[in-house]
Engineer: 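Here's a structure for you.
Lettering of chains follows the sequences in order, A, B, ..., and the numbering in each one begins at 1.
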Amino acid sequence: MTHPAGLASTALVAPQLLLIPGLPLAAFTILIFAGRRLGRMSAWVAVAALAGAAGVSWGLSPTIWAGQQLAFSWPWLTAIDPRWALGFAVDGLSWVMLAVVTSIGTLIATYSIGYMRADPRFSRFFAYLSLFCASMLTLVLADNFVLLYAGWELVGLCSYLLISFWFEKPSAAEAGRKAFITTRIGDTGLLLAILLLSLVPGGLQFSRLSGLHHILPGADRTLISLLIFLGAAGKSAQVPLHVWLPDAMEGPAPVSALIHAATMVAAGIYLVARTLPLFTPQSLHVVLTVGLLTHLLAGTIALTQTDVKRVLAYSTISQLGLMTSALGLGSLRGASALAMFHLVTHACFKALLFLAAGSVIHATHEQDLSRLGGLRRAMPWTAALFLLASLAMSGVFPLSGFWSKDAILLEAWHVHEALFWLLLGGAAITAAYIFRLYLRCFEGPAAAHDASHAHESPFIMVAPMAVLGVAAAVIGWLAGSPGTHHPLLHVLGVTERHEGLDIPVLVLSTLAACSGIGLAWVAGFHRRNVLPAPLRPLGHRLYALAANKYYVDEFYARWIVQPFLAAAERLAVFDQRVIDATVDGVGRLGTTIGELKERFDRLVVDRLVNAAAETARGLGMFLRRLQTGIVHQYLLVVVVAVVVLSLALRR
Amino acid sequence: MPVQPLLLLSHALFSLGVYGILTRRNAVGLLLAVELILNAAALNFVLFGRVFAHVQAQAFALFIIALAACEAVVGLAIILALSRHAKTVLADQADLLRG
């Protein structure tokens, strides 16, 4: 078997890779055309397709864990270059993403059966969900930039469709548009990077990226990697392109869980991890800075928000910032593996948090924190699972978040101590905002109006949450605990063993989590101001700053949107005054010319024609007199003519 | 063979015919005048056929007689139709073809 250019020659040919995005795509095709007829059944089509894709993905695991790679490619655009091929490839990195997307996708699709029960566009929702999964899986499976970019744009489209799924709400339509336009800014960066890479032979194939630093000078690689990172920042909602993700919460809760917490927003992290060989130390500094900034800014904003899903959205941005920071720590010690490890654990507990929040919204039709409370009695399962996910996210031993966060903290300690302390602060903030959310939703006195009719969600919603809860609890310990055999890091290509459980780091991070939870208990739940009196004005000001999301939206509105609109208005005036006037003038000129021509026709051409006609008529009037109809005259003419002719022709 | 008197005779017949054509108003008279002209021509054919010993000339004379008969039939039929249609047999009153 010959391998097309750009594939690692060790890869096994695996046609079943086509099934992974193919099954959800087939589900989408069925649902978009026959969804209305299928009715309730349409959900099961999507769930079955996703479960099938998950089955195929998990079926690959023995090969992947044995260190093998799988690939399947087909010739493409051979007219340009016969060696061109488009294909799918699976290595450890993409397999982890595959497992996450298909497994969590299946669970969330199952949950949606309950959540979207009463929606009039029930089957449409599952069609979009299937299309999203097909696109996301294409993105993950792609072995080159071109296919990845196709998937990248498709998930953006699906994100847009699902955010504005309830497009009757103006805010939802607005949020969809904002998400689409904001991520497009990043996508433009990625597209530029791809175009630059296409100038390099083999530059579009992922498997040849690590060889590129022999060909490309450092400055070029910095430029390209920063452009790639711009795309990643747009998708993964990093500062300064993070503004779309909180608004994206207008979509249904399962969408927030799947797309805006577990998978699509992680595509940026995956992209950077995939293209890490291109990143130079300079661009990694940018990545690290952006990641840290995002982690801390979004964390502080999450502390102040009052909308359940918005808190979770800022928490997602903050956690993505943590992953970006991990990527920025440098690739020497497998930083990308650490980021991916946190991506996996985060996907589990954050999807669970969103589903639990969706369960609350489903039960109470309320997502404002100030009007929620005491739901634990009415919704014991949801409360317990939310608490479990919160503990996991806070990094409490031995839940999943602990392992992935501590691995990053440990790595940061090795790179620079200051980074360690910053990330530790971030961890404390994380614990504080998530427990503020938990305590005010589920504990305390029941809020006035929702306690009476709040109820536990149906089994079909609780069951996927429970599965995710188990995953959120054990996945860190199973998949990557330091000191044990760590299969997940092994799959991701980390050959070096970590030092094992680092006791000081363990103690410090537990302390950070506890202090965050304590802060949430005192300040978030009991509303006690813990600041000493002299610092209170400053505290209030900082709180207002964070509550207003650091005025980023206002800044964009003031300095980008408004100038843009003003320019558009001025251009509209220009259109009206100049362009329209020119067009009108041309039109009027045409009319004038037409009128002149009409006059010429009437006065000259018509007269010529009429003159010809008149001549013919006059001639005819004259000649008709010869035709008297009297036989004698004709005969006379004949006789005279004969006489004259015979005289004239006489010899 | 007295050529000259016979030529004079045929010229006289021809001239009488032409005169008749030009002067008669009655269509039947016109037809008669035409017969005179045709017979003048037939006489000439016979005369010159004898002078130059051409048999074909006599054949032409027979043709002319047959043609004259046909012409008389068609002409009389036209005149009959004309008299029924226009209630006249006067040639100068039938001017349907006037321009």
Engineer: Test of understanding: with side-chain contact (heavy atoms from CB on, under 4.5 Å), list the residues that count as partners of A:Arg607, not counting sequence neighbours.
Structural biologist: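 For A:Arg607, the residues satisfying side-chain contact (heavy atoms from CB on, under 4.5 Å) (neighbours in sequence not counted) are A:Leu603.
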Engineer: Do you know which of A:Leu626, A:Leu623, A:Leu635, A:Ile630 has the most heavy-atom pairs with chain B at a distance under 4.5 angstrom?
Structural biologist: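 Most heavy-atom pairs under 4.5 Å with chain B: A:Leu635.
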Engineer: Does A:Lys597, at its NZ atom, have more than 12 non-hydrogen atoms belonging to other residues, nucleotides or ligands within less than 6.0 Å?
Structural biologist: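 Check fails, neighbour count at 12 or below.
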Engineer: Tabulate, in ascending numerical order, the residues of residues 55-72 of chain B having at least one heavy atom closer than 4.5 Å to a heavy atom of chain A, or enter 'none'.
Structural biologist: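 Checking residues 55-72 of chain B against chain A gives no residue, so none.
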Engineer: A quick test of your reading: do over 12 heavy atoms of other residues, nucleotides or ligands sit less than 6.0 Å from CD of B:Gln4?
Structural biologist: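 Not buried by this count: 12 neighbours or fewer within 6.0 Å.
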Engineer: So if I take each residue of residues 21-45 of chain B and look for any heavy atom under 4.5 Å from a heavy atom in chain A, which residues do I end up with?
Structural biologist: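 B:Ile21, B:Leu22, B:Arg24, B:Arg25, B:Leu30, listed by number.
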Engineer: Could you note down all residue pairs passing ring pair (Phe, Tyr, Trp, His ring centres under 6.0 Å) where residues 150-192 of chain A supplies at least one of them, sequence neighbours left out?
Structural biologist: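 Qualifying pairs: A:Phe125-A:Phe165, A:Tyr160-A:Phe180.
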Engineer: Counting only heavy atoms from other residues, nucleotides and ligands, does the tally under 6.0 Å from CZ of A:Arg617 exceed 12?
Structural biologist: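 Counting other residues, nucleotides and ligands, CZ of A:Arg617 stays at 12 neighbours or fewer.
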